[in-house]
Amino acid sequence: MDLVVLRLTLESHQMPTPPIKPLEIQPFLNQHVALSRRYFLQLGAVGATAFSCSPLSAKESDRDTLLQSAIDEIESWLTRPEDFRDVSRGKPVPHSLSAEKMSEVGMTRDSWKLEVISDPEHPARLRSPLTKEKALDFSELMKMAEKNSVRFPKVMTCLNIGCPLGMGIWEGVPLRDLIWRAQPVNDLRRIFYYGYHNDDEQQMFRSSLPVGRVLEDPFDLPPVILCYKLNGEWLSPERGGPVRMVVPEAYGFKSIKWLTTIVLSNLATANDTYEKGNNDLDSPLKTFAATLSVPKKVKPNNPLAVTGYAQVGISGLKKVQVWVQNRDVKPSADDRYFASAPWEDAEILSPPSQWGGGLPGGVIPQPTTGFDATGQPKNWPMRLGKAHWAALLPGLPAGEYILRCRTIDEKGAAQPMPRPFQKSGHAAIEQIDFRVED
Ligand SMILES: Nc1nc2c(c(=O)[nH]1)N[C@H]1C(S)=C(S)[C@@H](COP(=O)(O)O)O[C@H]1N2
Ligand SMILES: [Mo]
């Protein structure tokens with residue numbers, strides 16, 4: 001609960017994203033999966049080219065033990081549903097209600113109902129709105145799922161927090177399948193939707209999409225879904241169950257939890273609750289990197305192992321790079337994003353041998369977008385997912401240093417470009433201080 005309150009305070013005051021320090025991250029890494037050595041076969045070779053004085057070589061058996069043990073501590077690729085960071089508004093937050101109350105207000109699979117209605121203010125013409133008596137219930141949703149359901153991996157990230165909340169495989173029915181049930185015929189330009197909000201208009205958290213995004217999937221994106229499972233398990237109340245919206249390419253605020261109402265509208269502009277607070281409502285996920293572990297103190301001339309993650313945004317991920325700056329050497333003031341610094345490539349880790357996240361049987365469910373029939377990824381790293389990286393930095397003389405990491409996306413843009421503004425999602429270059437001393 002305290003955590004929830006903290007997040008909400010952060011959000012409502014629109015504070016800058018807090019830098020992610022290794023110590024703060026630790027509590028969230030509740031499920032370190034010991035990744036098998038065999039899996040990182042390729043790493044040695046990549047590492048050796050990254051740092052010329054690195055003791056790495058192309059042979060697995062020669063893999064630097066310092067780096068390997070740092071890699072062994074990296075969080076799992078998928079996050080257990082209960083380990084997601086929670087961003088939920090409401091007094092009380094709906095997932096804290098008693099079981100009895102939840103069943104009274106439709107927050108259980110047995111009691112859930114979803115209405116699809118026309119916007120009274122900007123009506124869309126519908127032949128068959130799904131109002132009160134005709135509202136969809138969970139068993140009907142499951143019937144739709146038998147005909148057509150999808151699963152895709154996606155990282156959930158709050159536009160205002162920056163550090164991903166969790167990585168999941170989300171399962172659901174394409175929203176458009178439901179929209180067609182309402183038989184829209186005309187005057188439909190936007191779809192907005194909201195969830196249970198303690199029956200208090202003031203607490204409503206609403207999001208919206210242009211109808212075109214719902215009816216068709218541009219740029220090979222997965223569809224927008226009515227999501228009922230996460231990592232193979234029924235969606236918990238905390239994650240927005242029984243049903244939440246999940247918008248693959250969007251920041252978290254588009255993925256409304258405890259979904260109750262879908263409104264088909266002829267409104268031509270966005271009307272998301274997140275508009276308040278100066279948020280950029282049309283921003284797809286950005287690519288950026290951050291550290292997971294950096295030693296605070298190192299002995300002179302001893303190599304340091306550094307690990308981290310990258311959020312792979314809409315423009316993909318080509319590289320993760322790191323740069324160590326001696327505090328005594330000031331970078332040039334007109335190079336805001338350190339574009340001319342001597343960045344070195346880190347290693348983007350291969351797919352893990354264990355996915356984590358509490359997947360039943362530990363296997364990727366079949367079929368899942370982006371994975372083949374044997375449960376292996378078709379491409380790596382995966383767009384809209386997470387990737388992990390590691391680097392072995394050469395030993396340094398005594399002094400105070402700043403470690404920075406950044407991504408290069410598939411278009412060649414170096415973080416925080418091409419979209420550096422904070423209100424379209426976090427992409428600022430992280431900086432971590434460390435000291436080299438005896
Ligand atoms: N009904 C409702 N849905 C919501 C929210 C909310 O407060 N109420 N928060 C949104 C925001 S801002 C984010 S970032 C994500 C967080 O999802 P998570 O709590 O599952 O990590 O949920 C979104 N869906
Ligand atoms: Mo958010």
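Side chains included, hydrogens not; waters and symmetry mates left out as well; all remaining heavy atoms used. Ligands are counted one by one from 1 in listed order, and the atoms in each one are counted from 1 as well.
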Legend entry - E238-ligand 1 polar pair, N/O distance under 3.5 Å: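 N/O-N/O distance under 3.5 Å: no.
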Inset, instruction - May I ask you to check if ligand 1 and T157 share an N or O to N or O distance below 3.5 Å? - result: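 In this structure, T157 places no N or O atom under 3.5 Å from an N or O of ligand 1.
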Inset, instruction - State whether a side-chain donor-acceptor pair under 3.5 Å links E73 with T307. - result: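 No, because no side-chain N or O of E73 sits under 3.5 Å from a partner of the opposite role on T307.
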Atoms in ligand 1 with a heavy atom of [X] nearer than 4.0 Å:
{"X": "C158", "value": "14 (S)"}
{"X": "R89", "value": "6 (C), 7 (O)"}
{"X": "L165", "value": "14 (S), 16 (C), 21 (O)"}
{"X": "D86", "value": "19 (O)"}

Please state which part of [X] comes within less than 4.0 Å of ligand 1, counting heavy atoms only: side chain, backbone, both or neither.
{"X": "W258", "answer": "side chain"}
{"X": "S255", "answer": "backbone"}
{"X": "H197", "answer": "neither"}
{"X": "V87", "answer": "both"}

Legend entry - Salt bridge flag under 4.0 Å for residues K386 and E75: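 Answer for the salt bridge query: yes.
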Inset, instruction - Salt-bridge test for E140 and K143: reply yes if a basic N is under 4.0 Å from a carboxylate O, no otherwise. - result: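 Answer for the salt bridge query: no.
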Mark the output for [X] as yes if a heavy-atom distance to ligand 1 is under 4.0 Å, and as no if none is.
{"X": "K254", "value": "no"}
{"X": "S88", "value": "yes"}
{"X": "G252", "value": "yes"}

Inset, instruction - For the pair K254 (side chain) and M245 (backbone), establish whether a donor and an acceptor sit closer than 3.5 Å, ignoring hydrogens and angles. - result: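 It does not hold such a pair.
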Legend entry - Test item: W389 side-chain N/O and K319 main-chain N/O as donor-acceptor pair under 3.5 Å: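 No.
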Least distance between heavy atoms, [X] atom then [Y] atom:
{"X": "W258", "Y": "M107", "answer": "CD1-CE, 3.4 Å"}
{"X": "A305", "Y": "L67", "answer": "CB-CA, 3.8 Å"}
{"X": "I364", "Y": "I169", "answer": "CD1-CD1, 3.7 Å"}

Legend entry - Ring centres under 6.0 angstrom apart (Y228, W112):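 Between Y228 and W112, the centre distance exceeds or equals 6.0 Å.
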